[in-house]
Number of protein chains: 2
Amino acid sequence: MIKNDIVLEIEKKSEFNRAKSLSIVETILASLKESLVKNEKIEIRGFASFKVVSKKTGYGRDIRRKKQIKIKKGKRIKFKPGQDLKNI
Amino acid sequence: MIKNDIVLEIEKKSEFNRAKSLSIVETILASLKESLVKNEKIEIRGFASFKVVSKKTGYGRDIRRKKQIKIKKGKRIKFKPGQDLKNI
DNA sequence: ACTTTAATGATCAAGAATGATATCGTCCTA
DNA sequence: TAGGACGATATCATTCTTGATCATTAAAGT
């Protein structure tokens, strides 16, 4: 499933045209991103929750040279499925 | 951020009332859930991707009795942030 | 339809998530 | 608006993801 599938779904279930449906999807995505950027937790009961936490992992790996690499720490988004998605 | 915040955002950016905005959000959520239930991958470029994988963890822990518990295996939803959310 | 550009896969080691359950805190439906 | 239902938390050992890079696959904008 890709973004366009969601747009088509809205188009089908509502009375909006493609452009309008797309703008709705974009609005939602922008809203979600903005919330996460602000370190806000997102909780959609019955679907899932997203939480921003700080990363502690401080290394990675270079495949070609086969050795470790130091990595700058940052943030991480923790995804947790809700009840409806727990036992799929 | 909770579901209602998204509804309000749609209400603000469009010309729809609360009920209409809510139904749009529900439509999208149902569509996403249905996709995951069918083991389909979801990929929204610039936002994130969701993939269903099989669980291999086969144990847990009883806090009160402080001992291990056998767990039935199942599925798991893997969440991967897209480029816009990689360095938030 | 075509092009652009993001996502995936592979690799390894250490840090992190998973999983059951009861209680507390909070979303959201009636 | 209020209570009912769902989510967060803590616990520990094992499984799993993270992280950089580049080629390959594919999303999505034109």
Side-chain angles (χ1 to χ4, degrees), chain A residues 1-9 11 18-19 21-23 25-26 29-30 33 35 40-88, chain B residues 1-8 11 18-19 21-23 25-26 29-30 32-33 35 40-88:
Chain A
M1 167 178 255
I2 60 180
K3 191 200 286 181
N4 198 49
D5 293 323
I6 301 174
V7 174
L8 293 177
E9 194 69 24
E11 198 179 1
R18 185 76 54 89
S21 299
L22 174 60
S23 84
V25 173
E26 294 292 2
L29 291 176
K33 277 189 276 191
S35 184
E40 275 182 24
K41 183 182 70 175
I42 298 175
E43 183 174 338
I44 311 295
R45 298 246 168 161
F47 182 70
S49 66
F50 305 80
K51 197 170 67 171
V52 180
V53 298
S54 57
K55 284 187 290 187
K56 287 179 182 172
T57 309
Y59 58 93
R61 190 173 187 79
D62 185 327
I63 293 183
R64 294 169 307 174
R65 299 181 179 186
K66 296 187 180 183
K67 58 179 182 178
Q68 285 175 292
I69 300 173
K70 297 200 176 186
I71 296 171
K72 57 183 186 298
K73 301 184 179 180
K75 296 175 186 176
R76 172 181 301 169
I77 299 173
K78 188 180 180 305
F79 168 80
K80 190 170 183 180
Q83 180 156 288
D84 291 6
L85 290 178
K86 235 164 201 170
N87 301 306
I88 60 176
Chain B
M1 167 178 254
I2 60 180
K3 191 200 285 182
N4 197 49
D5 293 323
I6 300 175
V7 174
L8 292 177
E11 198 181 1
R18 186 78 52 89
S21 299
L22 175 60
S23 86
V25 173
E26 294 293 1
L29 291 177
L32 293 172
K33 276 189 276 191
S35 184
E40 276 182 25
K41 184 182 69 174
I42 299 175
E43 185 173 338
I44 310 296
R45 299 245 170 157
F47 181 69
S49 66
F50 305 80
K51 195 170 67 172
V52 180
V53 297
S54 57
K55 283 187 289 187
K56 286 180 183 173
T57 309
Y59 58 91
R61 190 172 188 78
D62 186 326
I63 292 182
R64 294 170 307 173
R65 299 181 178 183
K66 297 186 178 182
K67 59 180 183 178
Q68 286 176 290
I69 299 173
K70 295 199 176 186
I71 296 170
K72 58 182 186 299
K73 300 184 180 181
K75 297 175 184 175
R76 174 181 299 169
I77 298 173
K78 188 180 181 304
F79 168 80
K80 190 171 181 179
Q83 180 157 289
D84 291 5
L85 291 177
K86 237 165 200 169
N87 301 304
I88 61 175

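Letters A, B, ... mirror the listed sequences (proteins, then strands); counts begin at 1. Computation of the quantities below employed the complete heavy-atom set of this structure, encompassing side-chain atoms and omitting hydrogens, waters and symmetry-equivalent molecules. None of the values given here were measured: they were computed from a predicted structure.
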Exercise. Can you label the angle between the Phe79(A) ring and the Phe79(B) ring as parallel, tilted or perpendicular, going by 30° and 60°?
Key: parallel

Self-check item: Gap between atom CG of Asp5(B) and atom CD1 of Ile42(A) - 0.5 Å precision
Solution: 9.5 Å

Practice problem: Give the rounded distance in Å between these two atoms: NZ of Lys78(A) and C1' of dC16(D). | Solution: 14 Å

Self-check item: Closest to side chain of Lys3(A), choosing from dT8(C), dT18(C), dA28(D)
Solution: dA28(D)

Quiz item: Any side-chain heavy atom of Lys3(B) within less than 4.5 Å of one from Glu26(B)?
Solution: yes

Exercise. Tell whether Arg45(A) reaches the base of dC28(C) with its side chain through a donor-acceptor pair below 3.5 angstrom.
Key: no

Practice problem: Take Pro81(B) and Asn4(A), find for each the nucleotide of DNA chain D with the closest heavy atom, and name the residue whose nucleotide sits nearer the 5' end. | Solution: Pro81(B)

Quiz prompt | Residue Glu43(A), side-chain atoms from C-beta onward, closest of dG29(D), dC27(C), dA7(C) | solution = dC27(C)

Self-check item: Contact check, side chains of Leu22(A) and Glu11(A), non-hydrogen atoms, under 4.5 Å
Solution: no

Quiz item: Lys86(A) near the nucleic acid: base, sugar-phosphate alone, or nothing, with a heavy-atom cut-off under 4.0 Å?
Solution: nothing

Self-check item: Rounded distance in Å - NZ (Lys41(B)) to P (dA6(C))
Solution: 16 Å

Quiz item: How far does the helix from dA1(C)-dT30(D) to dA30(C)-dT1(D) bend, going by the axes of its first and last five pairs, to the nearest 10°?
Solution: 160°

Exercise. Kindly compute the distance separating NZ (Lys75(A)) from CG (Leu85(B)), expressed to the nearest 0.5 Å.
Key: 11.5 Å

Quiz item: Closer to the 5' end of DNA chain D via nearest nucleotide, is it Gly46(B) or Gly46(A)?
Solution: Gly46(A)

Quiz prompt | salt_bridge(Lys51(B), Glu43(B)) N-O dist < 4.0 Å | solution = no

Exercise. Measure the distance from CD1 on Ile6(A) to P on dA27(D) and round it to the nearest whole Å.
Key: 13 Å

Practice problem: Please determine, for the side chain of Gln83(B), which listed nucleotide (dT8(C), dA6(C), dG19(C)) has the closest atom? | Solution: dA6(C)

Quiz prompt | Side-chain N or O of Arg76(B) closer than 4.0 Å to phosphate OP1/OP2 of dG19(C) | solution = yes

Quiz item: Using a cut-off of 4.0 Å on non-hydrogen atoms, how would the nucleic acid contact of Lys80(A) be classed: base, sugar-phosphate, or nothing?
Solution: base

Quiz item: Please give, in whole Å, the distance from dA28(D) P to Arg18(A) CZ?
Solution: 13 Å

Exercise. Might you point out which heavy atoms bring Ile44(A) and Ile2(B) nearest each other, and give the distance in Å?
Key: CD1-C, 4.0 Å

Exercise. Could you pick out which residue, Glu26(B) or Val53(A), lies toward the 5' side of DNA chain C when each is mapped onto its nearest nucleotide?
Key: Val53(A)

Quiz item: Does Leu29(A) reach the side chain of Asp84(B), with side-chain heavy atoms less than 4.5 Å apart?
Solution: no

Quiz item: Rounding to a whole Å, what distance do you find between Lys51(A):NZ and dA16(C):P?
Solution: 14 Å

Quiz item: Over how many whole Å does the gap from Ile42(B) atom CD1 to dA26(D) atom C1' extend?
Solution: 17 Å

Quiz item: In whole angstrom, what separates Phe79(A)'s CZ from dT18(C)'s P?
Solution: 10 Å

Self-check item: Whole-Å gap separating C1' (dG25(C)) and CD1 (Ile2(B))
Solution: 14 Å

